[in-house]
Asks: 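Here it is: the structure, laid out below.
FYI, side chains are in, hydrogens and waters are out, and symmetry mates aren't considered; it's all heavy atoms of this structure. For this chain, numbers begin at 1 and follow the sequence in order.
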Amino acid sequence: MTAVAAPSVASLVQSVDWLAIAPPTIAAVVALVVLVTDLFLGERRKALLGWVSVAGLAAAALALLPLLDGDRSTFCLKTLKGEQAACSYTADHFTLVIQFLVLAGALLTALLSITGIKDAKNTPRALPEGEFWFLLLSSAAGAALLPASRDLATLVVALEVASLPAFALVGIKRDDRRSSEAALKFFLSSVTATAVTLLGVSFVYATTGTLHLTRIATALTHVDGQFHTLAQAGVALTLVGFAFKTAAAPFHFWVPDTYVGAPLPIAAYLSVIGKAVGFSGIILVTVVAFPSYADVWGPALAALAALTMTVGNLAALRQQATRAYSAVRLLAWSSVGQAGYLLVPIAAAAYSKDADKAIGSTVAYALMYAAVNLGAFAVAALVARTKPLNRISDYRGLYRSRPLAALVLGFFLLCLAGLPPGIIGLFAKVTVFSAAVDAGLGWLAVVMAVNVVIALYYYLQWTATLFRSAEGEQGVQRIPAPLTAAIGLTAVIGVVLSGAPQMVLRFASTGLF
């Protein structure tokens with residue numbers, strides 16, 4: 001028996017490419033370091049945990065640089081000849097771009113959080129620092145793992161590692177009923193979506209006998225006729241969980257209440273990193289695993305895109321400037337509308353001969369959206385320090401009290417609207433529009449054009465509010481360095497990208513897979 005079992009055991013032993021898995025691994029290790037260190041630090045020194053987290057996220061982002069030389073894979077199955085047959089982790093160009101987006105976005109979120117935690121200290125709504133940083137780093141590690149995942153099991157695990165800490169982060173404001181309610185809504189709807197996704201994954205596995213994306217793509221081309229309906233159901237159900245993460249309608253209902261109930265930096269995190277997780281998952285399962293079932297997911301994603309952008313923009317249009325938290329609600333509904341635009345090129349990939357080009361449009365748009373939306377939330381965090389209800393009307397006269405902050409926010413809003421001088425926003429929307437037209441989805445391009453016009457109203461209305469005369473005296477406080485850094489970094493990125501928008505598309509679409 002020993003002679004027979006020995007080769008089988010030996011085949012399970014693999015060499016791990018530690019360089020390839022370094023970015024998510026560093027984030028995970030720093031999370032554990034923060035959790036343990038928190039036990040030995042006094043209250044006065046716990047602010048160090050925030051800076052350790054920032055340093056850890058910066059180190060994880062820098063770990064991407066050695067991977068630019070070429071694709072690397074690990075955790076691979078091998079043939080009898082010792083050749084790689086399928087891998088569970090691949091660090092290709094697509095992976096690196098999304099990991100950069102995730103880690104840079106988490107880094108900016110951490111800078112916002114340092115100020116938010118400090119402001120809340122010694123108040124009834126003080127946040128537990130050790131737990132906060134551990135959860136943020138854990139979620140970032142899962143989000144960085146997901147774009148590298150090349151089998152459905154790893155994909156689902158990465159999705160949950162990114163999501164579970166996020167539930168706790170949303171509800172981390174103790175004794176805050178709104179925060180607890182938001183976390184509960186987020187958790188229940190997410191768990192339901194995950195259950196549906198796992199059902200879809202089980203259907204796909206039943207029809208193909210494998211979980212590796214490349215092998216699924218091959219197996220689905222010759223599914224037995226009696227299993228064809230089961231395979232179609234598996235494809236559709238697998239997309240549900242990722243559609244939830246992107247806040248695509250009708251899976252968007254958790255967004256406004258969750259963003260309002262969560263700490264503002266976490267709302268910013270969910271609006272960017274949460275979407276990056278969802279969209280990278282959708283791209284992997286559709287373009288890599290299910291290309292032969294494009295007739296199933298293509299029309300479904302096109303319909304989702306049209307519905308999502310319409311629902312998001314119409315809801316944002318109805319926000320009242322004097323309502324409590326209306327600024328956060330408008331950004332929440334705006335993010336739903338932006339999710340619709342991001343879905344357009346993925347749907348177009350089902351009809352396009354060059355799927356890489358179409359997917360590149362989504363990735364380029366995601367990079368633009370991440371920078372400007374995090375910047376908008378950063379300015380919202382600045383205003384919330386003196387106006388905690390964060391109404392749109394609270395931004396009236398911001399140019400007089402904080403001219404630079406007003407100009408930066410106005411620039412971000414114009415980028416989201418797709419108007420000059422926010423050239424990067426205009427360029428991203430034209431790229432997405434072109435992807436729809438090139439794929440023959442003229443009707444979807446028309447729907448997008450109508451929605452862009454609708455969005456102009458509420459973006460321009462908020463921008464105009466910044467320059468109107470203020471009602472009463474405007475209190476001015478010194479801006480903390482981390483918050484200044486977050487606003488400054490996003491502003492510089494937006495201005496640089498507006499000066500060379502083609503650089504984003506080239507970076508995002510060159511040899512994705």
Side-chain angles (χ1 to χ4, degrees), residues 22-65 99-100 102-145 161-162 164-176 179 262-270 272-273 374-375 377-378 380-382 384-385 477-490:
T25 302
I26 291 173
V29 169
V30 175
L32 292 175
V33 169
V34 165
L35 183 65
V36 174
T37 305
D38 179 53
L39 299 174
F40 302 97
L41 286 180
E43 286 297 324
R44 292 184 178 181
R45 302 183 64 188
K46 287 196 175 183
L48 291 173
L49 297 176
W51 293 109
V52 170
S53 301
V54 169
L57 290 167
L62 289 173
L64 297 172
L65 295 177
Q99 285 183 337
F100 170 75
V102 165
L103 295 171
L107 177 59
L108 289 168
T109 301
L111 289 173
L112 292 179
S113 301
I114 288 174
T115 301
I117 290 175
K118 185 178 179 180
D119 289 344
K121 217 165 192 176
N122 301 321
T123 69
R125 294 186 178 180
L127 302 179
E129 295 187 53
E131 292 93 327
F132 181 93
W133 294 116
F134 170 73
L135 292 168
L136 180 63
L137 287 164
S138 299
S139 180
L145 171 62
V161 171
L164 290 174
F167 304 149
L169 286 169
V170 169
I172 202 168
K173 290 194 287 187
R174 296 171 179 172
D175 301 324
D176 188 325
S179 179
L264 204 54
I266 300 306
Y269 178 85
L270 292 175
V272 173
I273 284 75
L374 281 170
F377 269 102
L382 170 62
R385 300 185 76 232
Q477 295 181 353
R478 182 174 175 272
I479 306 177
L483 185 55
T484 302
I487 296 173
L489 281 172
T490 51

Asks: Sequence neighbours left out, what passes side-chain contact (heavy atoms from CB on, under 4.5 Å) with Ser113? Give chain and number order.
Replies: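 Scan of Ser113 (side-chain contact (heavy atoms from CB on, under 4.5 Å), adjacent residues dropped) gives Thr109, Phe132, Trp133, Pro265.
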Asks: Using every non-hydrogen atom in the two residues, find where Gly105 and Leu374 come nearest and quote the distance to one decimal.
Replies: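 Looking at all heavy atoms of both residues, the closest pair is CA-CD1, 3.7 Å.
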Asks: Taking only residues two or more places apart in sequence or in another chain, which ones pass side-chain contact (heavy atoms from CB on, under 4.5 Å) with Ala384?
Replies: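 With sequence neighbours excluded, Ala384 shows a side-chain contact (heavy atoms from CB on, under 4.5 Å) to Leu264, Asn390, given in chain and number order.
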Asks: Please lay out, stage by stage, how Thr37 and Val52 fare under the test side chain to side chain contact (heavy atoms under 4.5 Å, CB included).
Replies: CA-CA 10 Å; Thr37 305; Val52 170; over 6 Å; no
Asks: Can you name the closest pair of heavy atoms from Thr115 and Pro482 and give their distance?
Replies: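 Closest approach of Thr115 to Pro482: OG1-CB, 3.7 Å.
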Asks: Which heavy-atom pair separates Ile26 from Ala59 by the least distance, and what is that distance?
Replies: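 Residues Ile26 and Ala59, closest heavy atoms: CD1-O, 4.0 Å.
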Asks: Who are the side-chain contact (heavy atoms from CB on, under 4.5 Å) partners of Ala31, not counting sequence neighbours?
Replies: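 Scan of Ala31 (side-chain contact (heavy atoms from CB on, under 4.5 Å), adjacent residues dropped) gives Phe134, Leu137, Ser138.
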Asks: Please give me the minimum heavy-atom distance between Pro480 and Arg385, naming the atom from each residue.
Replies: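 That would be CD-NH1, 3.5 Å.
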Asks: Which pairs of donor and acceptor atoms, one on a side chain in residues 165-172, lie under 3.5 Å apart (sequence neighbours left out)?
Replies:
none

Asks: Out of curiosity, Lys118 NZ to Glu129 CD, how far, rounded to the nearest 0.5 Å?
Replies: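 Between Lys118 NZ and Glu129 CD, I get 11.0 Å after rounding to 0.5 Å.
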Asks: Where is the tightest heavy-atom contact between Ala143 and Ile273, given as atom of each residue plus distance?
Replies: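 Smallest heavy-atom distance, with atoms named: CB-CG2, 3.8 Å.
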Asks: Do Lys46 and Ile117 have side chains that approach each other closer than 4.5 Å (heavy atoms only, starting at C-beta)?
Replies: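 Side chain of Lys46 against side chain of Ile117, heavy atoms only: no contact under 4.5 Å found.
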Asks: For residues Leu136 and Ser53, determine if any side-chain heavy atom of one lies less than 4.5 Å from a side-chain heavy atom of the other.
Replies: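 The answer is no, as the side chains (C-beta and beyond) never meet within the 4.5 Å cut-off.
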Asks: For Val29, give me all partners under side-chain contact (heavy atoms from CB on, under 4.5 Å), at least two apart in sequence or on another chain.
Replies: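 Val29: side-chain contact (heavy atoms from CB on, under 4.5 Å) contacts with Thr25, Val33.
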Asks: With a 4.5 Å cut-off on side-chain heavy atoms, are Leu111 and Leu483 touching?
Replies: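 Not in contact.
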Asks: Applying salt bridge (charged side-chain N to carboxylate O under 4.0 Å, His left out), can you list everything that pairs with Lys173, at least two apart in sequence or on another chain?
Replies: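 If we apply the salt bridge (charged side-chain N to carboxylate O under 4.0 Å, His left out) test to Lys173, skipping adjacent residues, the hits are Asp176.
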Asks: Between the side chain of Thr490 and the main-chain N/O of Ala486, is any donor-acceptor distance below 3.5 Å?
Replies: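 Answer holds: yes.
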Asks: Identify the heavy atoms of Pro24 and Gln99 that sit nearest to each other, and give their distance.
Replies: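 Reported closest heavy-atom pair: CD-NE2, 4.0 Å.
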